Amino acid sequence: MAGPPKLMSLNGRLVAFDDARIHMLTPAFKYGACAFEGLRGYRDAARDEMHVFRLAEHLERLHFSMHVMRFDDHPGDAEMIGALRELVQGNDIRGDCHIRLMVWVDGDGEQTATGPIGWGIAAIPREADPRVREGIHVAVSSWTRIADNAMPPRIKVTANYNNGRLSGLQAKADGYGGVILLTASGHVSETPGACVFLVREGRLLTPAHADDILESITRATVLDLARQELGIEAEERSIARTELYAAQEAFLCGSGNEIQPILSVDRLKLGDGTVGPVTRRVQQAYFDAVRGGLPGRRSWLTPMWNTETAR
Ligand SMILES: Cc1ncc(COP(=O)(O)O)c(C=O)c1O
């Protein structure tokens, strides 16, 4: 595994990795007042390029998170994309990578401070995750998913992630590779960092947005590819816990996790306990899309080196 990247981007400037610091008294640190996005860049071998997948949609969601958190003036898209390109080129990243884009309340204000605003970007090379090929065994958590009227999962802020952390720590201690949280009313919600799909009778099922999930860009991508490219029906609705056990296949999806097959839930095998055919078809379509292999979906890719080939 490569070490840390040489450069980070802080407030629109390139800085050495060790200099990307914020003060312990910032509301970002004290209260979790930090909106963020996790994105992926993929190598485009045909063009000797690296492009970021669905950057526009990630920026739109970041602006929504900042709007709900009432952040003061924050950087615009052009500024953030410019800083990202500069960072990728400064670190000479031409292969697959993970990108973290963060905007926070800086200074030393109290809980309702809305500025000044700080922002930063990390871009780190990332190798293929074996769990995408091999699948994972998950548990249903005894922790409940945070609710929209308390800590809305629809906005992507760091403070929300303590809910996922608690469930993840419990699942790890119990020997599982992942965990699914239920809403307060007992419906399937999501995992600490990804959305969930089930396969029943050859159709895809996924929890509705109102079931306390992040409005995932990968979930939207999977729905689009299933319906438009694969001719697979897909339904968005509330899902009962025991439907997890009744599914023939399941997978989780997210920018970071990509498409990870779920082989069992609470040690109950799904189907024959191996990666199922529908999951494989979705994976194939997804990886074609992110690597530029679907001509109709190239508008989802933003090149990082050569702006001439953009869109
Ligand atoms: C809680 C949560 N749910 C779902 C997702 C998947 O969202 P996306 O597909 O936009 O990466 C993520 C990852 O960002 C997440 O953190």
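One-based numbering along the sequence shown. In each ligand, atom 1 is the first atom listed, and ligand 1 is the first ligand listed. These numbers come from a predicted model, not from an experiment.
- To the nearest 0.5 Å, atom CG of residue Asp212 and atom CE of residue Met151 are 12.5 Å apart.
- At least one N or O atom of Ile217 sits closer than 3.5 Å to an N or O atom of ligand 1.
- Using a 4.0 Å cut-off to heavy atoms of Pro192, the atoms of ligand 1 that qualify are 1 (C), 16 (O).
- Defined by atom type and a distance below 3.5 Å, a donor-acceptor pair is missing between the side-chain atoms of Thr206 and Glu236.
- Between Arg237 and Glu243, at least one side-chain nitrogen of the basic residue sits less than 4.0 Å from a carboxylate oxygen of the acidic one, meeting the salt-bridge criterion.
- Of all the atoms in ligand 1, the ones that sit under 4.0 Å from a non-hydrogen atom of Glu190 are 1 (C), 2 (C), 3 (N), 4 (C).
- With hydrogens left out, the protein atom closest to atom 14 (O) of ligand 1 is Lys156 NZ, 2.7 Å, a heavy atom.
- Sparse packing is recorded around CZ of Arg13, with 12 or fewer heavy atoms of other residues, nucleotides or ligands lying under 6.0 Å away.
- Every atom of ligand 1 with a heavy atom of Arg145 under 4.0 Å away is listed here by number and element: 1 (C).
- Considering only non-hydrogen atoms, atom 10 (O) of ligand 1 lies nearest to Arg61 out of Arg40, Arg54, Arg61.
- Of the protein's non-hydrogen atoms, the one nearest atom 16 (O) of ligand 1 is Tyr161 OH, 2.5 Å.
- Ligand 1 has no nitrogen or oxygen under 3.5 angstrom from a nitrogen or oxygen of Glu215.
- Residue Thr191 has no nitrogen or oxygen atom sitting less than 3.5 Å from a nitrogen or oxygen atom of ligand 1, judged on distance alone.
- Annotation: cation-pi geometry satisfied between Arg94 and Trp305 (NZ/CZ under 6.0 angstrom from ring centroid, within 45° of ring axis).
- Between Tyr161 and Phe36, a ring centre-to-centre spacing shorter than 6.0 Å is recorded.
- Both tests pass for Arg267 against the ring of Tyr176: distance under 6.0 Å to the centre and angle within 45° of the axis.
- Residue, atom and distance of the protein heavy atom nearest to atom 5 (C) of ligand 1 are Gly193 O, 3.5 Å.
- Checked by atom type, the side-chain pair Ser238/Asp211 shows a donor-acceptor distance below 3.5 Å.
- Tyr31 and Met69 end up in different hydrophobic clusters when Ile, Leu, Val, Met, Phe, Trp and Tyr side chains are linked at under 4.5 Å.
- For a threshold of 3.5 Å applied to N or O pairs, the pair formed by Arg219 and ligand 1 contains no separation below that value.
- Looking only at heavy atoms of the protein, atom 11 (O) of ligand 1 is closest to Ser255 OG, 2.6 Å.
- Remark: distances from the non-hydrogen atoms of Pro153 to ligand 1 are all 4.0 Å or more.
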